[in-house]
2 protein chains.
Amino acid sequence: MSRTPKLSDVAQHAGVSVPTVSRVLREVRNVDPELKDRVLLSVKALGYQPNRLAKSLREQRTGIIGYLSAGDIATFHHILAQGIQNAALDHGYAVVTGHGSTLEREMMYAKIFSGYQVDGLVVIPSSTGDPYLEELAQQIPVVEVDRTFGAYSRHSVLLDNRSAVAGAVDHLVALGHRQIGLIYGNIPVSTEVERKEGFVDRMQHHGFPLRPEHLISDGFSEEGGVRAAHQLLQLGEPVTAVVVTTNEMLAGVVRAIRSLGLSIPRDLSLIGMDDTRWVQMMEPPLTVMAQPAYEMGYEAGRLLIRSIQDQDHEEAFPRVRRLPAQLIIRQSTAPPREVPSMST
Amino acid sequence: MSRTPKLSDVAQHAGVSVPTVSRVLREVRNVDPELKDRVLLSVKALGYQPNRLAKSLREQRTGIIGYLSAGDIATFHHILAQGIQNAALDHGYAVVTGHGSTLEREMMYAKIFSGYQVDGLVVIPSSTGDPYLEELAQQIPVVEVDRTFGAYSRHSVLLDNRSAVAGAVDHLVALGHRQIGLIYGNIPVSTEVERKEGFVDRMQHHGFPLRPEHLISDGFSEEGGVRAAHQLLQLGEPVTAVVVTTNEMLAGVVRAIRSLGLSIPRDLSLIGMDDTRWVQMMEPPLTVMAQPAYEMGYEAGRLLIRSIQDQDHEEAFPRVRRLPAQLIIRQSTAPPREVPSMST
DNA sequence: TTGTAGGCGTTATCAC
DNA sequence: GTGATAACGCCTACAA
């Protein structure tokens, strides 16, 4: 007998045929109760565990989904991954994970996933031009999460970025701010594009003239945030409030504000994105738009699995699912100071 | 022809036999250069991709390793996971991930990994009594990382917890502190045990009398940190410095210190564990013992894969690999204030 | 050097 | 209701 027992071992032990054991285990068709008992006893006795590999090969489906993340290593994407994990677990799938924030790595993982015959893929895309991913997307369902380029998949689970930023703007406007700046990342990813557009739209909705110099984009990093903040805050006509679209840049903005000797929220109101711990522990705790990271992950996993199991009715599915952000008001936002040059 | 081309399709296309194609692709044995070219051309033409499932079934090894994490969702374990991912990628393995911080989920994942025939497993154990994990560990190599119960595996990659805490103590002692408190988690996990022991040993090494009331343990959470800090700081004979063994509790300790109106480091020096962003963004930035999270993950992955590929020489391997922490001095530690009651 | 045959562990199709 | 038999895609003898 081999190292681990297989169906034929159980069959021999129980004195029945291999297919009978298989049928008992899968509870398919009727099996004589007595034989069934004998089989189950033998399974217990031998400690039989089914081999998913053989099952997968035979059934032409692995029960594995891929998760390819190009996200940064901050908390948001980690929590999102938990959501996917749990959705998979709840539906009997396993997750093989890859992390690739460059096109090269994304391509490597696309090949790997393809080789492992994953049944579907959740992806936070890093680029818009991965030929392997495109090919994969034609063979199996792919769900984009967090960001989209619209190229790979028919389905996506995204934040309602426009509403999120609009909510931030509304909050600041209600406090009395009129000169509001936006700091965002300069890479053409959907989140950044939508957040910027949402900002512009909402400012116009409120009838505020839009000053191009109040929209600053820079690198998607802490350093980018530092540079953008310096640029924005050293204008002749400074803003009284700033919205920052990414957590990474937010950290840089905070550092810059400190180094300029400005006080939050006395001199400047600040709204960030993503409710991480440091945002809560800071002095003062920051007002942010919180993303439902776990829910986004779970929803992406669930949508993918439904998509896998339902490939016929595919067309009926929604293509894009938007989840709302939540404004969490802390102490980094307050009414603007009276500006002497304007009030006198 | 089936949906995706297989070896026989390539063979037919190239006008050779199946094993020839296989041999060309695996670059094993000599193949006539002309046939080889024809085969490679056909592979390209058909877009053939090997099916790992069949390969795995045949070879009795999957090239998949499991990663079971019972870690929290803070940054440390996420970075560690990146290390494992990259070690796997570098050696041609894929990673299927599970997250289970309870015994129940740990058992579920152990079964899943077993079913997928993973070649090995890296685990941050959540408990000491998972029968499925124990069984799995007898069949495939298992490496514990971050913490150990010593029950599942012969190998582990851990922080040098004793030295880490000793370094923190030394730093505080050099600043002039004598009354140093320790706040640690009250669950019997190796990290907490070792850190506490390291603290006690080092205090005794310096010849300072150890006061039991200066060693406070509480729940492994922010709330636990709050409670522990209140308990420690409201003693008759208060400490001038505190070492906190976990990031979660550290957040609670900071909150408690603030609510008590104490100033860091004027009234109290503070050293934490784990160099996360919030620790850097805080006012003042905290002095911490930084863990080499990525390296720990990579090392665990590498050790596991070596272990998988080298099952014969297994015995020669080291059982425990300790990686050093690094003291990062920021502004939460300073000499203690002169205590009037003692100096006058 | 190349091809043929058999098997990895499972499920599906058919007789019985 | 049950048991042979074939097949999933690949690799490894062994024979040609």
Side-chain angles (χ1 to χ4, degrees), chain A residues 1-40 42-43 46-64 92 114-119 139-140, chain B residues 1-40 42-43 46-64 92 112 114-119 139:
Chain A
M1 192 185 311
S2 62
R3 191 76 190 80
T4 67
K6 48 190 182 182
L7 275 189
S8 59
D9 296 322
V10 177
Q12 192 179 352
H13 185 101
V16 296
S17 75
V18 171
T20 299
V21 179
S22 176
R23 286 191 279 257
V24 168
L25 259 38
R26 287 176 302 135
E27 297 176 332
V28 75
R29 296 176 88 164
N30 279 356
V31 177
D32 187 298
E34 194 209 311
L35 287 193
K36 186 171 170 178
D37 285 348
R38 287 219 316 259
V39 167
L40 290 177
S42 298
V43 165
L46 298 179
Y48 169 78
Q49 292 267 77
N51 182 332
R52 298 240 17 167
L53 239 49
K55 179 185 170 74
S56 299
L57 181 61
R58 177 63 235 231
E59 289 186 340
Q60 297 291 72
R61 32 163 256 112
T62 53
I64 302 180
S114 169
Y116 280 109
Q117 322 291 122
V118 297
D119 295 333
Q139 300 170 4
I140 58 172
Chain B
M1 193 187 305
S2 61
R3 190 78 192 77
T4 69
K6 46 190 183 182
L7 273 190
S8 59
D9 296 322
V10 177
Q12 192 180 351
H13 185 101
V16 296
S17 75
V18 171
T20 300
V21 180
S22 175
R23 286 191 278 255
V24 169
L25 258 39
R26 286 176 303 129
E27 297 176 331
V28 75
R29 297 176 87 163
N30 280 356
V31 178
D32 188 298
E34 194 210 310
L35 287 193
K36 186 170 171 179
D37 285 348
R38 288 220 313 261
V39 167
L40 291 177
S42 299
V43 165
L46 298 179
Y48 170 77
Q49 292 267 76
N51 182 332
R52 298 240 16 166
L53 238 50
K55 179 185 170 75
S56 300
L57 181 60
R58 175 63 234 239
E59 290 186 341
Q60 298 290 72
R61 36 164 251 109
T62 53
I64 301 180
I112 289 174
S114 169
Y116 281 107
Q117 322 290 124
V118 298
D119 295 334
Q139 300 169 5

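Put simply, CZ on A:Arg23 is 11 Å from P on D:dA4, counting in whole angstrom units. Rounded to a whole Å, the CG atom of A:Leu57 is 12 Å from the C1' atom of C:dG7.
Counting only heavy atoms from C-beta outward, the side chains of B:Arg38 and B:Val16 approach each other to under 4.5 Å. The shortest distance between side-chain heavy atoms of A:Leu35 and A:Val24 does not fall below 4.5 Å. Residues A:Gln12 and A:Ser8 fail the side-chain proximity criterion, which asks for heavy atoms closer than 4.5 Å. Between A:Lys6 and A:Asp9, some side-chain heavy-atom pair lies under the 4.5 Å cut-off.
Using a 4.0 Å cut-off on heavy atoms, none of the residues of residues 47-55 of chain B approach DNA chain C.
Closest to the side chain of A:Lys6, out of C:dT11, C:dG9, C:dA12, is C:dG9. Closest approach to the B:Asp32 side chain among C:dG3, C:dT2, D:dC8 is made by C:dT2 (side chain taken as heavy atoms from C-beta onward).
Legend: residues meeting side-chain hydrogen bond (donor to acceptor under 3.5 Å, both in side chains) with A:Thr20, ordered by chain and number and at least two apart, are A:Ser17.
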Dot-bracket encoding of pairs in DNA chain D, which uses [ ] for pseudoknotted crossings and | for another strand, Watson-Crick or G-U under 3.5 angstrom:
||||||||||||||.|
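The side chain of A:Arg26 places an N or O atom within less than 4.0 Å of a non-bridging phosphate oxygen (OP1 or OP2) of C:dA12. Taking 4.0 angstrom as the limit, B:Thr20 places none of its side-chain polar atoms (N or O) nearer than this to OP1 or OP2 of C:dT2.
In terms of heavy-atom proximity, B:Leu57 sits nearest to A:Ala54 at CD1-CB, 4.0 Å.
Where B:Glu59 and B:Val16 each meet DNA chain C at their nearest nucleotide, the meeting point lying more 5' is that of B:Val16.
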Evaluate the criterion side-chain contact (heavy atoms from CB on, under 4.5 Å) for residue pair B:Gln49 and B:Thr4; output intermediate values, then yes/no.
CA-CA 8 Å; B:Gln49 292 267 76; B:Thr4 69; over 6 Å; no
Check the pair B:Leu7, B:Leu25 against side-chain contact (heavy atoms from CB on, under 4.5 Å), reporting the backbone distance first and the verdict last.
CA-CA 10 Å; B:Leu7 273 190; B:Leu25 258 39; 4.1 Å; yes
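Residue A:Arg58 places no side-chain atom within donor-acceptor reach of the base of C:dT10, judged by atom type and a 3.5 Å distance cut-off alone.
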